[in-house]
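Worksheet: one structure, shown below.
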Protein chains: 2
Amino acid sequence: MGEKPTLQSLASSLGVSRQTISNVLNNPQVVHASTRDRVLAEIRASGYRPSAAARSLRSRRSEVIGLRIRPAVDGINGSLMDAFLHALVECSQRRDHRLLLITATSDEQETSEQAALHTTGAIDGCVLTDTHLDDTRPAELAATGVPFVAFGRPWQDRDAGHSWVDIDGAAGTRLATEHLLDLGHRRIAFLGWPTGSGVGDDRRSGWQRAMADAGVAAEDLATGLLDQRTDDGVVEGTQAMERALRAGATAAVCASDSLAVGASTVLRRVSSAETARTAVVGFDDTPVAAALGLSSVRQPVAAAASRVVDLLIERLTTANDPPEPVHDLLTPELVLREFDRRLDQHAR
Amino acid sequence: MGEKPTLQSLASSLGVSRQTISNVLNNPQVVHASTRDRVLAEIRASGYRPSAAARSLRSRRSEVIGLRIRPAVDGINGSLMDAFLHALVECSQRRDHRLLLITATSDEQETSEQAALHTTGAIDGCVLTDTHLDDTRPAELAATGVPFVAFGRPWQDRDAGHSWVDIDGAAGTRLATEHLLDLGHRRIAFLGWPTGSGVGDDRRSGWQRAMADAGVAAEDLATGLLDQRTDDGVVEGTQAMERALRAGATAAVCASDSLAVGASTVLRRVSSAETARTAVVGFDDTPVAAALGLSSVRQPVAAAASRVVDLLIERLTTANDPPEPVHDLLTPELVLREFDRRLDQHAR
DNA sequence: CTGAAAGCGCTTACAG
DNA sequence: CTGAAAGCGCTTACAG
């Protein structure tokens, strides 16, 4: 294979300065077209690739983005983050950036690890996911000067000083609720999580407002009747659906596909004519929902990832004059599946 | 925050040479204990972190490992790779290495991307996953000099010149089959994929051998009777199980949890006394299997990831004298769940 | 055990 | 448009 080519060796064999080659790679428009073509041809022929370390040492940029990944507690909901991760890698790669992964057992460990990597120059910035109430990470990263963009709102302060991208969960559950209302349902339950999680409360609020708009009495929306609150999980979904049925529900909007899977087993068991009109809509449109034929609210994960990467890279390339923080709320879509189509035939 | 400390600034304020500080970090045993402690205290106080770029430029090592991630086609089976990814990041981090992700739309793109990153020095080596028959990646990586360890056997040549770690799928299906035999089943079907996938054929062979050892007639093991071959998926599992039932099967060992989920719905529907003795065992012990109470074969993913990282780092730190290739086959375990326990009570 | 020298391979000013 | 100089912050020999 011979010696690995460097700027130096290329420059010698081409009879130009290292500088010119560097310009061809980083500032092509500044080099005469004929010189550029000659250099590019030689680069291709020699298989030359600039050293990432040398480039990074001089330019003070690694073109690497940090991301914490979490153990997937639940294979059903984990697939959302999985899709986001994929999209993030793809978008980064397209923009000549790479993604570096870290793990952490706490938010503090996450931010201190990101700060450490940023100090060594291993990463230029990072992406934050799974934002929650009382999330201290934005402040910690800001304090240590680590540029970042969040996937997820800052739940306590929407006008935070950093850029974030999120999915409008309330818009999603509103879509789901309105769909069930269109089918003729009135007593539509919401199977969600206990209050206190930003994401969960947001999803509940979409159902609440859609129901209120449709003129459903407030007392029916009260906790314990149609508003079921439980931990996430398939079994929990089954139990909550059973309670909702006793409260007279004929359909349910769920905060997750896990809950929806659980709820749907109840409906398949209770197959009387009376309950056949019941319908369930999940959230996240996971492969499991697809496999079981459940309707679900689909988050535009790829679009979110693309936006996150764009915002972060813009932030990184304008270090001296940081852009105004951007707050982006993307709208999900409702994916209807056989289960509902079947119901549709009965209901209409 | 002041200026970012460097080796130089630390050396000046401590009155030692840069070299000594470098030694404290990279070669502690060579520095006098009192000097070492004084330097370490100052490092901690100043928040000094060595520049990754400078270190990498000089040492020609980035301490970064490349990995291709794939879009999770199926949320059920995807969780295995998810768990492997997490374990890989954790093990790498523990050993002061980081994981860099790439995506690719083909094996060729994967290896050329890895080679490119290796040439720039962005990665020291990479991990290969999802090995398959006629996998050209090992040869391509070897040709371009990229050190790597595979998670997955080279199916065409077990004695390949590279190190690999894999899970003994045949041992797993043997465990599952023997468990069902112990419960009194004789006509145990195998729900697997069409021949030609290394992983699938391996899993089938464990069932085949266990059945043969138990004296089950070869004609019953033939395709179309107990040996069901189908694409992966929940619906496919249901259909295959229905065919197996018609062939007189009373139980099934499955090549995946997707197939097992599908198979189990058949068993829950066909709840006659005759079929109540039927049982299903899945593969991969995914969260879905856990949620639905399905028994499954669990792969020791964390152990595999740890072994992969160890082997790769050993390979990277002995570049001039590469170690002998290691081939490691780890044994999975059988996770029994309620569904089978219930059966147990009936069968005994 | 400690230090002075060299240099890893680039990019960033700046001069022509 | 092109080139000569400086230097990013380390580690790796090697001399004391």
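The sequence lines fix the lettering, A, B, ..., with proteins before strands; numbering per chain opens at 1.
Among the atoms of the strands shown, none is found under 4.0 Å from any heavy atom of Ser56(A). Across all strands shown, Arg18(B) has heavy atoms under 4.0 Å from base atoms, whether or not it also approaches the sugar-phosphate.
Here the side chains of Arg98(B) and Ile102(A) are not in contact, with every heavy-atom distance at 4.5 Å or above.
The partner of dA4(C), taking Watson-Crick or G-U wobble pairs whose two distances both stay under 3.5 Å, does not exist in any strand shown. Under the Watson-Crick and G-U wobble criteria, each requiring two contacts below 3.5 Å, nucleotide dA13(D) is left unpaired.
The phosphate of dG3(C) (OP1 or OP2) has a side-chain N or O of Ser17(B) nearer than 4.0 angstrom. Contact annotation: Thr6(B) does not reach the phosphate of dG9(D) (side-chain N/O to OP1 or OP2, under 4.0 Å). In this model, the phosphate group of dT11(C) is not approached by any side-chain N or O of Ser59(A) to a distance below 4.0 Å at OP1 or OP2. OP1 or OP2 of dT2(C) lies within a sub-4.0 Å distance of a side-chain N or O belonging to Thr35(B). Here Arg60(A) reaches the OP1 or OP2 of dG9(D): one of its side-chain N or O atoms lies under 4.0 Å away.
Among Asp168(B), Thr331(B), Ile167(B), Leu330(B), the single residue meeting the side-chain contact (heavy atoms from CB on, under 4.5 Å) criterion with Gln299(B) is Ile167(B). Between Ile21(A) and the choices Asn26(A), Thr35(A), Ile43(A), the side-chain contact (heavy atoms from CB on, under 4.5 Å) rule is met once, by Ile43(A).
Taking atom CD of residue Gln8(A) and atom C1' of nucleotide dT11(C), one finds them 14 Å apart after rounding to whole Å. The distance from atom CG of Leu57(B) to atom C1' of dC8(D) is 9 Å, rounded to the nearest whole Å. In this structure, CG of Asn26(A) is placed 11 Å from P of dC10(C), rounded to the nearest angstrom. Here dA13(C) presents its P atom at 12 Å from CG of Asn23(A), a figure rounded to the nearest Å. In this structure, CZ of Arg58(B) is placed 15 Å from P of dC10(C), rounded to the nearest angstrom. Rounding to whole angstrom units, CG of residue Asn27(A) and C1' of dC10(C) are separated by 14 Å. For the pair Leu7(A) CG and dT11(C) P, the interatomic distance rounds to 6 Å; values are reported in whole Å. Per the geometry, CG belonging to Leu14(B) stands 12 Å off P belonging to dT2(C), to the nearest Å.
Where Ser34(A) and Arg55(B) meet DNA chain D, the nucleotide closest to each residue was compared, and Ser34(A) sits on the side nearer the 5' end. Nearest-nucleotide mapping onto DNA chain D: of Val16(A) and Pro50(B), the residue sitting toward the 5' end is Val16(A).
In terms of polar N and O atoms assigned as donor or acceptor, the side chain of Gln19(A) comes within less than 3.5 Å of the base of dG3(D) in a complementary pairing.
For the residue pair Ser12(A) / Ser9(A), no side-chain donor-acceptor distance below 3.5 Å is found, with atom types taken as modelled.
A salt bridge links Asp310(A) to Arg95(A): one of the charged nitrogens lies within less than 4.0 Å of a carboxylate oxygen. Between Asp107(A) and Arg68(A) a salt bridge is recorded (basic side-chain N to carboxylate O distance below 4.0 Å).
Between dG3(C), dG9(D), dC10(C), one nucleotide has an atom nearer to the side chain of Ala54(A) than all others, and that is dC10(C). Of the candidate nucleotides dT2(C), dG9(D), dG3(C), dT2(C) has the atom nearest to the side chain of His32(B).
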